*Asks:* 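A single structure is presented below for examination.
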Amino acid sequence: MIFEDIKNPFILSSGPSGNFQELSKIIDLNEMGAITTKTITPEPKEGNPVPRIVNIENGFINSIGLQNPGIDEFVEKELPEIEKYKTKKIISIAGYSPEDFQMMIKKIDDFNIDAYELNFSCPNVNKGGATITQNFDLYKKCIKISKESTEKPIIIKLGYSDRILKLVEIAINEDVKNFTLINTLKGMRFDLETGKPLLKRGIGGVSGSVIKPFALAMVYTVKQNYPEASIIGNGGIFDSDDVLEFKYAGADYFGIGTAVMMDPELPISLKNEWEEKYVL
Amino acid sequence: MIFEDIKNPFILSSGPSGNFQELSKIIDLNEMGAITTKTITPEPKEGNPVPRIVNIENGFINSIGLQNPGIDEFVEKELPEIEKYKTKKIISIAGYSPEDFQMMIKKIDDFNIDAYELNFSCPNVNKGGATITQNFDLYKKCIKISKESTEKPIIIKLGYSDRILKLVEIAINEDVKNFTLINTLKGMRFDLETGKPLLKRGIGGVSGSVIKPFALAMVYTVKQNYPEASIIGNGGIFDSDDVLEFKYAGADYFGIGTAVMMDPELPISLKNEWEEKYVL
Amino acid sequence: MIKGKILEKQIKNEYMYLKVEMNENIHIEPGQFLMLKNDMDKNMAKPFSIMSQDGKEIEFIIKIIGDFTKKLSQKNIHENIYLRGPYGHGFIEKIDKNKKYVLLGGGCGAAPLLHFEKNYPNMVENIKIGFKNSFVENVVPEYKLIFENIEKKTPIDWLKENDFENIISCGPKGMFKALKTMDKNSYVSLEENMGCGIGMCKGCPVKTINGIKMVCKDGPLFKLSEVIL
Amino acid sequence: MIKGKILEKQIKNEYMYLKVEMNENIHIEPGQFLMLKNDMDKNMAKPFSIMSQDGKEIEFIIKIIGDFTKKLSQKNIHENIYLRGPYGHGFIEKIDKNKKYVLLGGGCGAAPLLHFEKNYPNMVENIKIGFKNSFVENVVPEYKLIFENIEKKTPIDWLKENDFENIISCGPKGMFKALKTMDKNSYVSLEENMGCGIGMCKGCPVKTINGIKMVCKDGPLFKLSEVIL
Ligand SMILES: Cc1cc2nc3c(=O)[nH]c(=O)nc-3n(C[C@H](O)[C@H](O)[C@H](O)COP(=O)(O)OP(=O)(O)OC[C@H]3O[C@@H](n4cnc5c(N)ncnc54)[C@H](O)[C@@H]3O)c2cc1C
Ligand SMILES: Cc1cc2nc3c(=O)[nH]c(=O)nc-3n(C[C@H](O)[C@H](O)[C@H](O)COP(=O)(O)OP(=O)(O)OC[C@H]3O[C@@H](n4cnc5c(N)ncnc54)[C@H](O)[C@@H]3O)c2cc1C
Ligand SMILES: Cc1cc2nc3c(=O)[nH]c(=O)nc-3n(C[C@H](O)[C@H](O)[C@H](O)COP(=O)(O)O)c2cc1C
Ligand SMILES: Cc1cc2nc3c(=O)[nH]c(=O)nc-3n(C[C@H](O)[C@H](O)[C@H](O)COP(=O)(O)O)c2cc1C
Ligand code: FES
Ligand code: FES
């Protein structure tokens, strides 16, 4: 298990809830099992041009493009606030090279944080993110160096992939057994009038209820083949039935992404619903 | 373009309409641009155990498992009937090895058929299908030998993949420029009461309207990078708006799969709707 | 697609009675089924037998168990549903017409038995349908029913107490398995998740001693001795 | 989520007027917006301004352009919608309170201007709202309106003919671009596709001379001179 002493298995996933400044005014984040920061990169990133969002039925396509202030401003301005939450704090990081990961971990490892999530699955950037998994050797080195740079747990975040087992195997060979499954899938829609993609960048990442069957398949595949894997199930979790399905698939923790944007109070109400139904 | 003299760009995709015995009693198949057989394999295949089907919102998960009588019975009993249709006839084939593809093509190449679709993307089998693309070299050899075995056009059918461009590049290097995009994505659902997967085999292939954003992204990616590619867009085509989106994404032809199961008359009514709106 | 207007609807617990008027006159043989859609959207159709037909008016008994049936149950009177069919073979095509049959049903699976009894009363020797719930009381004449919770008895128990030879049965798989252990001339109407409903998609196979058949196209009625359950 | 009951609904062509009663009393400042949902399902919420508030009763003018607004337009009177908010800053927080403003609107974007005029009449020097369609005639007093198809004139044309200094504008991007070429003290209320509506998801950025801001959290009103269109 990733965490020995987590309050509950509900985790805010990386991105939709930003770095919690807004959400913490609406709900008490200390009631969550863990919270994950928006992915941080070595340099600041402006993100992609607008429109960055298209709604689809039961889902959402985004091309935010990892907008973030970069590691230095993050450490200076945001991390001190994040440290204060009394819950597990997972820092999501992405880089282009093993050295990028190493450098970022070094800068934050002494803060009051609990784990790293290596984002190898953002579909909305041309370099880094999901592109790293195209190169098994690079992917492996990024994991290896990250593992060597910290005593804290490392979590590998992957997307829907036809090589999911290979990617998991490489991580497990580096003694990293924690996975977040899954990130968004590449998707797009067109404007019927102009013939242009509705997102400025063309392709974005699909999240929300529509991706649940794919996420369940990835979680199940990994857990069936690697029972020792500790898995944060992520993709379309909105209610306790969704949570139950992810549990049956083999998830140990439950990530809440898009649902937080739909209803910022949902993480707490879902956690309560779950505890009333299945825990208490 | 795959075909110089096709009647219209509407193609029955492989599987949902079987080998047309039933459908031909309901609609006039000669009005379609092309029809694709259910994938044929060297040996007969019983297919997977039941339940083979789960409905999801705006979609469908199947684990038919390439049930088919095998190439010999196909040639003897079904092909003579299929030859009679006055439309382009695409034969979908799948095997484990380059020799399998070669053998099957040899057995059917002299019949009155128009093209081969190599199914490298069935998610519902443990060998062959999508598993071949795990091995670039094997994949390449299967294409090469197929190309050498016939003068007829070869179409490569691929699924949603994080290596879609690599798979396309390998085919194009073998001078095969025709692609059907996309097959089903791996997905699953669980029975909330028993905790067991709803499909006996666990994971199945998701098709229907829910996969349209992913299919569009694959078509767009391939066409942007290889404008010379000729593409059968496939995934969630139900109405003329769907067709329009695939056209904008770069598809040259439009495959109709799940929609035929929902309404067997839909291929003709969709073709007519399209022609009234955009052709006549 | 044929349009159907909901004329009557009754719901009790998980059971629903529905009377629908079709905008076309098609003849449905007892045992055949229809593929229903709630809306003209991009969701798949689902198979349902009918309980009776009177011209364009057809009646259903439906168990509300999942997404489709839940949505259907939320439709109001005068709203539309959509349907295509009929599909599959009528019972009459499959059975020996010179015999009389006992019709044995469990739950909503019983709909085609009631339909058969209505259209072919002379071929019916007796009929017993087990229900967990007394909702059907007003819909189905009482003498045909066994309420399993009250009588602590299933149609199979009832059958064991009697001496009948020819059976047509619709219901849960457990019932067929029990029947299989008895030495009778039984026919069973199978249910399987369906895609197309007409035999093309290979979604609804059943193993028989003559190879794999499709429930939708080759059935839904099969000789029990031929089916590998 | 707050529940809202539809009290009144009028549709003409692509425009819809809606009066909704909330089950909670929240105060919405002119310029702030709400995130609306048609149902308690798994679809995302969508941002809408209101045109006026009277206690728990709020009014909208909504253009029917896509899936969400189409579904909303199919709701009947007495049915429920769901909403959360208010989000964003009221205009009053962003503007110089000692000045008087001309309110310049285009289409449904004009809702918050009407709301502002109602709540702060003393701060309004004039108001002109361009509509392609005369539907709003009964909803919005006539003197405020310019029907672009009839008068062959836009609010911008009208502005050019007059000598005003301080402008608050809501409408299409083209209008802001035209305003940008004029030497005025202008504020613009931006629209962008939104996810969360509260600043967390980074879905609704706008480039400003002070870096990237979020329309939902930092706006929706911005000084036009600061915005990079
Ligand atoms: C020929 C035929 C005739 C039928 N006639 C009737 C009828 O008269 N009245 C009636 O109520 N139902 C009938 N059914 C069953 C009916 O089709 C299903 O109950 C319905 O499709 C369920 O849809 P759903 O979306 O509500 O539930 P789903 O979400 O699809 O299913 C809910 C649960 O029921 C199980 N299930 C679904 N379909 C079936 C099935 N066909 N057999 C066994 N288990 C299933 C699923 O595995 C799941 O666990 C018939 C089926 C067939 C094949
Ligand atoms: C702060 C704010 C206040 C708003 N107030 C109102 C209001 O009072 N009345 C009203 O009718 N609308 C208002 N809108 C716009 C409204 O949110 C969109 O029209 C609505 O989300 C469209 O949803 P849809 O699913 O029907 O259409 P979609 O399918 O989402 O969109 C249809 C088309 O419109 C375009 N589009 C979608 N959203 C926007 C947008 N926000 N801006 C520009 N183009 C867009 C899309 O690109 C697409 O081409 C407001 C938006 C914001 C951000
Ligand atoms: C707006 C948005 C922004 C996201 N940003 C990130 C990110 O920065 N890093 C990351 O690893 N995943 C990111 N994700 C992916 C989510 O963390 C999550 O894996 C995915 O959305 C699937 O889960 P869901 O269906 O619950 O949203 C983002 C998703 C959305 C919708
Ligand atoms: C029931 C079913 C059976 C299928 N069988 C095959 C098959 O044998 N060979 C193949 O290449 N694709 C098969 N497919 C995939 C379809 O051809 C198509 O690529 C996919 O379903 C996506 O398109 P759609 O959304 O229009 O169905 C099958 C799909 C379904 C739903
Ligand atoms: S449902 Fe398609 S073959 Fe029976
Ligand atoms: S909508 Fe999420 S940041 Fe504005």
Side-chain angles (χ1 to χ4, degrees), chain A residues 54 56-61 120-121 123 130-131 133-134 158-167 185-199 202-206 209-221 224 235 240-250, chain B residues 54 56-61 120-121 123 130-131 133-134 158-167 184-199 202-206 209-221 224 240-250:
Chain A
V54 185
I56 58 175
E57 218 173 305
N58 295 312
F60 190 77
I61 317 186
F120 291 121
S121 45
T131 62
T133 58
Q134 299 289 325
L158 297 172
Y160 174 100
S161 169
D162 42 8
R163 299 163 308 155
I164 192 74
L165 286 177
K166 183 77 196 157
L167 294 170
L185 284 87
K186 281 189 185 183
M188 76 187 308
R189 293 297 303 275
F190 287 83
D191 189 317
L192 292 176
E193 267 152 43
T194 65
K196 296 223 177 84
L198 282 171
L199 294 174
I203 293 175
V206 181
S209 192
V210 285
I211 72 166
K212 190 175 71 165
F214 314 118
L216 291 171
M218 290 298 119
V219 171
Y220 183 76
T221 300
Q224 293 285 312
S240 61
D241 284 353
D242 297 327
V243 175
L244 206 53
E245 278 196 84
F246 272 91
K247 200 176 166 63
Y248 292 143
Chain B
V54 185
I56 58 176
E57 217 172 307
N58 296 312
F60 190 78
I61 318 186
F120 292 121
S121 44
T131 61
T133 59
Q134 299 288 325
L158 298 171
Y160 174 100
S161 169
D162 42 8
R163 298 162 310 155
I164 191 74
L165 286 177
K166 184 75 194 157
L167 294 170
T184 56
L185 284 87
K186 282 189 183 182
M188 76 187 307
R189 294 296 303 275
F190 288 83
D191 188 318
L192 292 176
E193 267 151 43
T194 65
K196 296 223 178 83
L198 282 171
L199 294 174
I203 293 175
V206 181
S209 192
V210 284
I211 73 167
K212 189 175 72 166
F214 314 119
L216 291 170
M218 291 298 118
V219 171
Y220 183 77
T221 300
Q224 293 284 310
S240 62
D241 284 353
D242 297 327
V243 175
L244 206 54
E245 278 195 84
F246 273 91
K247 199 174 164 64
Y248 292 143

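Model, not experiment: these values are computed from the prediction. Note on naming: letters A, B, ... go to the chains in the order of the sequence lines (proteins, then strands), and numbering restarts at 1 for each one.
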*Asks:* Tell me which of these, B/Glu245, B/Glu57, B/Lys166, B/Lys247, has more heavy-atom pairs under 4.5 Å with chain A than the rest.
*Replies:* B/Glu245
*Asks:* With only heavy atoms counted, which part of B/Ile56 is less than 4.5 Å from chain A, the side chain, the backbone, both or neither?
*Replies:* side chain
*Asks:* At a 4.5 Å cut-off on heavy atoms, which part of B/Ala249 comes close to chain A: side chain, backbone, both, or neither?
*Replies:* both
*Asks:* Tell me, for B/Gln134 versus chain A, whether the close heavy atoms (under 4.5 Å) come from the side chain, the backbone, both or neither.
*Replies:* side chain
*Asks:* State the OG1-CG distance between A/Thr133 and B/Asp162, to the nearest 0.5 angstrom.
*Replies:* 5.5 Å
*Asks:* Determine, stepwise, if the pair B/Phe214 / A/Phe214 fulfils ring pair (Phe, Tyr, Trp, His ring centres under 6.0 Å).
*Replies:* CA-CA 12 Å; B/Phe214 314 119; A/Phe214 314 118; 5.5 Å; yes
*Asks:* Hey, are the side chains of A/Lys212 and B/Arg189 touching, using non-hydrogen atoms and a 4.5 Å cut-off?
*Replies:* yes
*Asks:* B/Asn58 versus chain A, heavy atoms under 4.5 Å apart: side chain, backbone, both or neither?
*Replies:* side chain
*Asks:* So how far is it from A/Leu216 CG to B/Lys186 NZ, rounded to the nearest 0.5 Å?
*Replies:* 14.5 Å
*Asks:* Say you draw a straight line from CG of B/Leu185 to OH of A/Tyr160; how long is it, rounded to the nearest 0.5 Å?
*Replies:* 4.0 Å
*Asks:* Do the ring planes of B/Phe190 and A/Tyr248 sit parallel (below 30°), tilted (30 to 60°) or perpendicular (above 60°)?
*Replies:* tilted
*Asks:* Of all of B/Leu244, B/Leu192, B/Val210, B/Val206, which one pairs up most often with chain A through heavy atoms under 4.5 Å apart?
*Replies:* B/Leu192
*Asks:* Over all heavy atoms of both residues, which pair between A/Ala217 and B/Gly187 is shortest? Give the atoms and the distance, please.
*Replies:* CB-CA, 3.7 Å
